[in-house]
Amino acid sequence: MEIGEVRKALISWGKVNFRQFPWRLTRNPYYILIAEVLLHRTRALQVVPVYERFILRFPDVATLSRAGKEELYNLLHSLGLFWRIEALYHLARIVVRDFSGQIPVEKHLLLSLPGVSDYIAGAVRCFAWDLPEVLMDTNTVRITGRLFGLPVRDSSRRSRKFAELLASLMDRDRPRDFYFALLDLADKICVAKNQPACHQCPVLVWCAHAARNTFQR
DNA sequence: ATCCGGCTGC
DNA sequence: GCAGCAGGAT
């Protein structure tokens, strides 16, 4: 398959169907890190109002590092997953103390932060600095699996095979635009439940899953 | 491999 | 009502 054509189709579709979430209109690594933590197993539309209040109250890491747990709880409790509150509380203090208030670029330093693992470390690097990262989340894994015709399981998120396939698929010159396109495609077309809207899909002709669907009718 | 949590669309 | 959510911790 012409992988360059697939990338081009994805990115041009993504440009038209770009969802303007507030954390997508910035390259500030702190804002992006906060967004990724809040987006953890939480729908984007549910995060928007909480994120905006959070950023307004804590516009930078230094301000956040002076926050009490109680105020953080008041801002974030509606999102559940309360361990994230503890993580952000410590994260801000560590960044101020060890990294002079700058979100680190190096992956191993990002990974040392509480609440940050492979996905969030990669997402911050990708969306803040446009670095080519393999971002394995529910959506990118589902699209990868369908495109290459593999069954998508919960364990696929940690699958090396999936990581290699996504690495081969991703656009290393424009990773930021590529992943925005993938996430928007997963939301609008390549949906998890029901049948995906393959007839509207920009990469329909290269997709193994779509081929099976149309072949079966 | 399993759990987490409030919230929302279905 | 209930399944599932821009994963990470346990």
Side-chain angles (χ1 to χ4, degrees), chain A residues 10 14 17-55 72-91 94 107-146 151-160 162-163 166 169-170 175-197:
Chain A
L10 277 171
N17 296 85
F18 180 76
R19 292 178 294 166
Q20 294 203 19
F21 295 118
W23 50 84
R24 286 182 164 195
L25 306 177
T26 177
R27 294 188 186 241
N28 181 323
Y30 166 69
Y31 294 163
I32 292 168
L33 175 54
I34 294 300
E36 294 302 338
V37 172
L38 300 190
L39 285 164
H40 178 76
R41 262 185 85 71
T42 310
R43 288 183 166 84
L45 285 177
Q46 189 186 351
V47 171
V48 172
V50 177
Y51 169 86
E52 295 196 306
R53 271 183 278 131
F54 191 98
I55 293 301
L72 282 181
Y73 178 83
N74 289 335
L75 272 170
L76 298 179
H77 74 93
S78 71
L79 297 180
L81 294 176
F82 302 115
W83 62 265
R84 291 187 296 190
I85 297 172
E86 195 81 10
L88 283 178
Y89 176 84
H90 292 292
L91 182 148
I94 293 170
K107 181 170 279 184
H108 74 279
L109 295 181
L110 283 167
L111 288 172
S112 74
L113 298 171
V116 177
S117 185
D118 289 344
Y119 177 81
I120 294 186
V124 170
R125 286 165 55 81
C126 173
F127 297 130
W129 295 291
D130 215 9
L131 295 169
E133 297 290 329
V134 179
L135 299 186
M136 304 266 285
D137 78 335
T138 315
N139 300 297
T140 62
V141 165
R142 182 174 66 255
I143 291 181
T144 301
R146 285 178 175 171
V152 180
R153 306 168 189 182
D154 189 47
S155 59
S156 305
R157 195 163 27 107
R158 273 92 166 180
S159 157
R160 181 175 172 181
F162 273 68
L166 182 54
L169 172 65
M170 63 177 285
R176 185 176 145 98
D177 292 338
F178 172 82
Y179 280 109
F180 284 157
L182 228 53
L183 293 171
D184 291 336
L185 186 70
D187 179 74
K188 296 184 174 182
I189 310 282
C190 201
V191 294
K193 48 183 168 183
N194 306 325
Q195 283 296 324

Exercise for review: Compare all side-chain heavy atoms of A/Asn139 with those of A/Leu182 and state whether any distance is below 4.5 angstrom.
Suggested key: no
Exercise for review: Would you mind classifying the nucleic acid contact of A/Thr140 as base, sugar-phosphate or nothing, using non-hydrogen atoms under 4.0 angstrom?
Suggested key: nothing
Review point. Quick one: are A/Asp118 and A/Leu111 in side-chain contact, heavy atoms under 4.5 Å?
Key: yes
Point to revise | Residue met sooner reading DNA chain C from 5', once A/Arg158 and A/Ala192 are mapped to nucleotides | key: A/Ala192
Practice item. Select base, sugar-phosphate, or nothing to describe what A/Arg24 touches, counting heavy atoms under 4.0 Å on all strands. Key: base
Practice item. List in numerical order all residues of residues 27-42 of chain A for which some heavy atom is under 4.0 Å away from an atom belonging to DNA chain B. Key: A/Arg41, A/Thr42
Check your understanding: Roughly how many Å is it from CG in A/Asp187 to C1' in B/dT8, rounded to a whole number?
Key -> 13 Å
Practice item. Starting from C1' on B/dA1, measure out to CZ on A/Arg157 and report it in whole angstrom. Key: 11 Å
Review point. When you match A/Asp154 and A/Leu79 each to their closest nucleotide on DNA chain B, which lands nearer the 5' end?
Key: A/Asp154
**Study point:** A/Pro132 and A/Met170, any side-chain heavy atoms less than 4.5 Å apart
**Key:** yes
Check your understanding: Got more than 12 heavy atoms from elsewhere within 6.0 Å of CZ, A/Arg19?
Key -> yes
Practice item. Please step through side-chain contact (heavy atoms from CB on, under 4.5 Å) for the pair A/Phe21 and A/Leu183, ending with a clear verdict. Key: CA-CA 12 Å; A/Phe21 295 118; A/Leu183 293 171; over 6 Å; no
Point to revise | From A/Asp137, A/Thr138, A/Thr144, residue fulfilling side-chain hydrogen bond (donor to acceptor under 3.5 Å, both in side chains) relative to A/Thr140 | key: A/Asp137
**Study point:** Per-nucleotide pairing state of DNA chain C [Watson-Crick or G-U, under 3.5 Å; [ ] pseudoknot-crossing; | other strand]
**Key:** |||||.||||
**Study point:** A/Pro151 to A/Ser156 - nearest heavy-atom pair and separation
**Key:** O-OG, 4.0 Å
Study note, to complete from the structure: Footprint ends on DNA chain C, 5' to 3', for atoms under 4.0 angstrom from a heavy atom of chain A, come out as C/dG4 to C/dA9
Check your understanding: Between A/Pro114 and A/Ala44, who's closer to the 5' end of DNA chain C by nearest nucleotide?
Key -> A/Ala44
Point to revise | Atom P, compared across C/dA3 and B/dC3: separation rounded to whole Å | key: 14 Å
Revision key, fill the gap. Minimal heavy-atom distance between A/Arg146 and A/Ala192, with the atoms involved, is NH2-O, 3.5 Å
Review point. Side chains of A/Tyr179 and A/Leu166: does their closest heavy-atom pair fall under 4.5 Å?
Key: yes
**Study point:** P gap between C/dG1 and B/dG5, integer Å
**Key:** 23 Å
Review point. What interatomic distance, in whole Å, is found between C1' of B/dT8 and the corresponding atom of C/dG8?
Key: 23 Å
Exercise for review: Looking at every strand, decide which applies to A/Phe82 at a 4.0 Å heavy-atom threshold: base, sugar-phosphate, or nothing.
Suggested key: sugar-phosphate
Exercise for review: Look at the side chain of A/Arg84 and the backbone N and O of A/His40, then say whether any donor-acceptor pair between them is shorter than 3.5 Å.
Suggested key: yes
Check your understanding: Between A/Tyr51 and A/Trp23, how do the two ring planes meet: parallel, tilted or perpendicular, split at 30° and 60°?
Key -> perpendicular
**Study point:** Distance, rounded to the nearest Å, where A/Lys193 contributes NZ and B/dG9 contributes C1'
**Key:** 6 Å
**Study point:** Atom P, compared across B/dA1 and C/dA6: separation rounded to whole Å
**Key:** 23 Å
Exercise for review: Would you indicate whether the side-chain heavy atoms of A/Arg157 and A/Tyr119 approach each other to under 4.5 Å?
Suggested key: no
